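Worksheet: one structure, shown below.
Please read these numbers as outputs of a predicted model, since none were measured by experiment. First listed ligand is number 1; within each ligand, the first listed atom is number 1.
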Amino acid sequence: MSTAIVGEGRGDVADRATAGFRQRYGTEPAGRWAAPGRVNLIGEHTDYNDGFVLPFALPLRTVVAAAPGPDGRWTVWSELDDEPVEFGAEAADEPGRVDGWAAYVAGVVWALRAAGLDVPGARLAIASDVPVGSGLSSSAAIESAVLAALVDLGGLDLPTERWPRLAQRAENDYVGAPTGIMDQSAVIRGVQGHALFLDCRTEEVEQIPFDLDAAGLAVLVVDSRAPHRHADGEYAARRRSCERAAATLGVAALRDVPTADLDAALARLDDEETRRRVRHVVTEDQRVLDTVALLRAGRVRDIGPLLTASHASMRDDFEITVPEVDTAVEAALTAGAHGARMTGGGFGGCVLALVDVDAADTVARAVADAYAERGFAAPGTLTVQPAGGVTRM
Ligand code: GLA
């Protein structure tokens, strides 16, 4: 059988953060800030190609309880790891000095300081319902909740529109993961009941109503629980391949290859692998635009085939899927899902399936059965609705 994505019986995440703060520091936090995980409805590996994405924030959250620190240093405790991590400005100012999960916190301090802001020292306690390593952006959730806490505690003058880039810099330049702007944007700018249509070049945003209830639909998220197989190296390799192709084609980014010119562009590339990579990115941008058009017209169910086509493109052209996610997609479709695709960077992580509300259990069961047949570890499942972005609680 499948199991819940979030562990049961752990108690409320905000209460856990508060209790952790009290226990660790012996005082009350000054406040609590919460940031969600995300799934991407469609638009994979398009963000660093200056293209389009359509993610939404999840009802699973990371909560940071925090208060000003006594001596201009930062102390962070997380329920992931009983040992708190402490660092000062000298470590925050040198990318890589703080590592492990605490690097996401130090990275935010670094990005804020690099932007010339006077970041207050702080004590923080972190609890999270966003599973780590499942491709639901637990790292963007930590970065964004910590960013919100530090901005509030320090009374920093930093409009929310600038937060995604700063959180991304923490991840790119401090942690050292060459990711795009999608995750932080979804986590920071998400609005309940909407998917976030983001132009990753201009950072222009449109909130697209995504009312699953009204359409009698649900999004089922399946955690493939696939072990990570070289995901970081493969991600960086895909990114380099796209950048090289853009240079060969003489464009700033693959976003600048119009769908109508795709065949001509492919003819100018001399290896088959690069052609497949480019075809994925260009057709995926178009699928995002087509999905947005259908959602604007209120045709939610009709986006299913676009989701499934996106999966085929990731599997065959971008080559970032693994047997566990392909199995989940196939089983979901066979069991009646309107569409299904892997979501996130790839090489494991989660699959999402668009299903009729009353079919969600049947589809979840079908995926679990297919996993058992193939000898895969039981998948995690959860039905979700688009939730809101980072907030002070
Ligand atoms: C990861 C990255 C994002 C994006 C996706 C793929 O989630 O963090 O920036 O590139 O992969 O769409």
Side-chain angles (χ1 to χ4, degrees), residues 35-58 60 103-104 107 130-144 163-190 195-201 203 221 223-224 226 228-243 246 253-255 277 280-288 291 306-307 310-311 313-315 317-322 325 341-352:
R38 67 97 188 89
V39 284
N40 187 17
L41 187 57
I42 195 162
E44 225 63 81
H45 288 260
T46 46
D47 62 352
Y48 56 79
N49 288 298
D50 278 4
F52 305 106
V53 293
L54 191 63
F56 64 85
L58 290 174
L60 305 175
Y104 297 102
V130 186
V132 174
S134 296
L136 298 178
S137 289
S138 59
S139 54
I142 290 199
E143 289 153 9
S144 306
W163 292 16
R165 276 289 169 219
L166 279 179
Q168 184 199 10
R169 286 202 68 195
E171 184 141 352
N172 289 174
D173 299 338
Y174 196 95
V175 179
T179 52
I181 190 77
M182 170 171 72
D183 304 342
Q184 293 80 6
S185 301
V187 164
I188 291 166
R189 305 179 79 173
L196 180 89
F197 175 36
L198 172 69
D199 178 331
C200 299
R201 172 170 279 163
E203 285 178 56
V221 175
D223 184 347
S224 73
H228 274 279
R229 300 175 180 97
H230 313 298
D232 297 348
E234 293 286 352
Y235 183 95
R238 294 302 180 285
R239 184 168 182 158
R240 275 196 307 275
S241 162
C242 290
E243 285 163 357
L254 291 183
R255 179 300 178 45
R277 304 293 187 255
H280 166 73
V281 173
V282 174
T283 58
E284 184 78 351
D285 269 332
Q286 186 61 49
R287 281 185 288 271
V288 176
T291 303
L306 291 164
L307 305 181
S310 166
H311 187 77
S313 179
M314 292 190 284
R315 181 190 61 212
D317 279 348
F318 220 58
E319 297 176 283
I320 54 173
T321 70
V322 292
V325 306
R341 63 183 291 275
M342 184 188 76
T343 178
F347 305 98
C350 286
V351 159
L352 60 82

Can you pull every nitrogen or oxygen pair between ligand 1 and the protein closer than 3.5 angstrom?
{"unit_1": "ligand 1", "atom_1": "7 (O)", "unit_2": "R38", "atom_2": "NH2", "d": "3.0"}
{"unit_1": "ligand 1", "atom_1": "7 (O)", "unit_2": "D183", "atom_2": "OD1", "d": "3.4"}
{"unit_1": "ligand 1", "atom_1": "7 (O)", "unit_2": "D183", "atom_2": "OD2", "d": "3.1"}
{"unit_1": "ligand 1", "atom_1": "8 (O)", "unit_2": "D183", "atom_2": "OD2", "d": "2.5"}
{"unit_1": "ligand 1", "atom_1": "9 (O)", "unit_2": "D47", "atom_2": "OD2", "d": "2.5"}
{"unit_1": "ligand 1", "atom_1": "9 (O)", "unit_2": "G180", "atom_2": "N", "d": "2.8"}
{"unit_1": "ligand 1", "atom_1": "10 (O)", "unit_2": "D47", "atom_2": "OD1", "d": "2.8"}
{"unit_1": "ligand 1", "atom_1": "10 (O)", "unit_2": "D47", "atom_2": "OD2", "d": "3.4"}
{"unit_1": "ligand 1", "atom_1": "10 (O)", "unit_2": "Y235", "atom_2": "OH", "d": "2.6"}
{"unit_1": "ligand 1", "atom_1": "11 (O)", "unit_2": "G345", "atom_2": "N", "d": "3.4"}
{"unit_1": "ligand 1", "atom_1": "12 (O)", "unit_2": "E44", "atom_2": "OE2", "d": "2.7"}
{"unit_1": "ligand 1", "atom_1": "12 (O)", "unit_2": "H45", "atom_2": "N", "d": "2.7"}

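- Screening D199, D50, N49, T46 against R255 for a side-chain hydrogen bond (donor to acceptor under 3.5 Å, both in side chains) leaves a single residue, D199.
- Note that OG of S185 is 7.5 Å distant from CZ of R165, once rounded to the nearest 0.5 Å.
- R240 meets the salt bridge (Lys or Arg N to Asp or Glu O under 4.0 Å) test with no other residue; sequence neighbours excluded.
- Legend: residues meeting ring pair (Phe, Tyr, Trp, His ring centres under 6.0 Å) with F347, ordered by chain and number and at least two apart, are absent.
- In this structure S310 satisfies the side-chain hydrogen bond (donor to acceptor under 3.5 Å, both in side chains) test together with E284, R341, sequence neighbours excluded.
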Evaluate the side chain to side chain contact (heavy atoms under 4.5 Å, CB included) criterion for residues V322 and M342: first the C-alpha distance (whole Å), next the side-chain angles of each, then the deciding distance (0.1 Å), finally the verdict. CA-CA 10 Å; V322 292; M342 184 188 76; over 6 Å; no
